[in-house]
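These notes concern the structure reproduced below.
Heads up: numbering here begins at 1 and tracks the sequence. Every number for a ligand or one of its atoms is a count from 1 in the order of the listing.
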Amino acid sequence: MIVKMLKNKFRGCLIGALVGDCFGAPYEGESISSISRIQLQSYFDKLEGPPFLTPLYQYTDDTAMTKCIAESLIQNNKFNARDMAERFVKEFFRNPNRGYGENVCDVFHKFNNQNLENLWKPAQEQFNGSGSYGNGGAMRIAPISLFGFRDYDIMLDIVENSTKLTHTHPLGINGAKLQAIAIFLAVRSDPEKPLDIAEYIKELINKISIVESRLNRVVPSEYSYKNQLLKIHRLLELGDKAVPHLVVEKLGNSVSAMFSVPTAIYCFLRAQQSIADIETNNPFRRTIQYAVSLGGDTDTIASMAGAIAGAYYGIDVIHKNLQQLAEGSDMINELAIRLCDQVTH
Ligand code: F2R
Ligand code: MG
Ligand code: MG
């Protein structure tokens with residue numbers, strides 16, 4: 001792939017994640033029933049319309065942690081667990097009010113208060129030793145898919161070890177892996193050709209089946225990412241008959257990785273076609289507007305869906321206003337460019 005296209009994809013991926021976070025955040029925690037599709041249409045129409053005076057839309061923990069991962073990989077040119085953990089902690093204490101997950105804050109306090117030999121211990125102790133299955137590992141994973149886009153096995157290895165700094169439950173780790181694989185495949189797909197959705201899902205299922213076959217802990221069989229991907233396939237076949245409530249009933253919209261990562265992948269795939277009540281020709285906007293319309297963990301689902309869509313289409317698909325109105329877009333853009341330079345030199 002030519003470097004120019006790759007750079008556009010890297011920028012699209014990280015800016016896509018930022019934009020999904022910033023414009024999904026005002027709706028985080030709203031139930032699907034309380035979100036008006038008409039108001040959401042006006043919200044995005046206004047954002048993309050003539051410039052108006054408004055404060056920047058602030059990013060949340062999703063972007064704060066994504067930034068730390070990108071900076072750590074750029075600085076070290078490899079995964080460095082201690083450096084990454086220190087960046088998470090420094091960033092958290094610099095600005096703890098970015099809407100971090102309730103329990104992950106305990107991990108940061110332990111990192112800060114103890115001189116740790118075993119960096120993974122605080123996360124292992126979470127939830128009486130079962131570890132977190134929240135989507136906090138998956139929501140920040142995009143820079144690792146980019147850093148490792150040439151080597152799948154190394155990429156997955158970094159995903160696992162970086163996720164375990166805060167999330168050690170197998171569902172938290174495998175959710176991060178699924179999100180990383182979804183981006184990895186999107187970066188490697190040609191945006192000039194229509195996405196072969198069936199092939200994309202088949203590839204995701206093949207890859208996650210291998211990951212899940214290696215689980216070294218018993219997890220109830222209904223908690224399988226492979227099952228969630230099969231549901232995506234069936235929902236896509238229904239088109240607009242798969243109304244948002246049905247999508248949430250089948251895939252979820254919560255803070256747990258199992259019930260948000262597959263939803264984000266669905267949003268990206270569903271937005272390849274037009275969607276009832278969403279008036280735009282832009283598939284990136286369709287992806288994040290649809291993600292927000294599902295309610296629940298809107299910043300995180302829109303951010304993860306935005307990362308995949310941006311990695312597929314590239315930066316040019318993301319409306320300039322959305323980029324300019326998102327806090328930190330210059331800084332994230334710079335990180336994407338530096339990551340791309342690093343992997344292409
Ligand atoms: N925290 C939020 N949003 C709420 C507040 C934001 C609001 N806008 C405001 O500021 O007022 N969002 C962020 O958190 C999610 C990522 O969370 P993460 O990093 O995974 O955190 P944690 O604490 O590890 O897990 C989150 C919840 O999942 C449940 N859970 C996880 N593992 C569990 C287990 N083994 N057993 C039982 N429950 C488990 C718990 O309810 C945790 O609190 C993102 O949405 C991000 O945007
Ligand atoms: Mg957040
Ligand atoms: Mg969230």
(request) Taking only Lys NZ, Arg NE, NH1 and NH2, and the carboxylate oxygens of Asp or Glu, determine whether E160 and R214 approach each other closer than 4.0 Å. (result) no
(message) Any N/O/S atom from T298 (main chain or side chain) under 2.8 Å of the Mg ion (ligand 3)?
(response) no
(request) Among all protein heavy atoms, pick the one closest to atom 5 (C) of ligand 1 and tell me residue, atom and distance. (result) E28 OE1, 4.3 Å
(message) Classify the ring geometry of H109 against F93: parallel below 30°, tilted from 30° to 60°, perpendicular beyond 60°.
(response) perpendicular
(message) From the N, O or S atoms in D299, identify the one nearest to the Mg ion (ligand 2).
(response) OD2
(message) Heavy-atom contact check, 4.0 Å cutoff: does S260 meet ligand 1?
(response) no
(request) Please find out if less than 6.0 Å separates the ring center of Y200 from that of F268. (result) yes
(message) Tell me whether the Mg ion (ligand 3) has D61 as a neighbour, meaning an N, O or S atom of it below 2.8 Å.
(response) no
(message) Looking only at protein heavy atoms, which one is nearest to atom 34 (C) of ligand 1, and what is the separation?
(response) Y133 CE2, 3.3 Å
(message) Can you tell me if, anywhere in D297, an N/O/S atom lies at a distance from the Mg ion (ligand 2) that is smaller than 2.8 Å?
(response) no
(message) What I want to find out is whether D83 reaches K90 closely enough, with some N-O distance under 4.0 Å, to be called a salt bridge.
(response) no
(request) Could you confirm whether D62 has any N/O/S atom lying under 2.8 Å from the Mg ion (ligand 2)? (result) yes
(message) Just to be sure I read this right, does ligand 1 sit under 4.0 Å from the backbone of S130, its side chain, both, or neither, counting only heavy atoms?
(response) side chain
(message) Less than 6.0 angstrom separating the ring centers of F111 and F92, yes or no?
(response) no
(request) Could you tell me whether Y100 and F108 have their ring centroids closer than 6.0 angstrom? (result) yes
(message) Closer than 4.0 angstrom, basic N to acidic O: yes or no for K7 and D341?
(response) yes
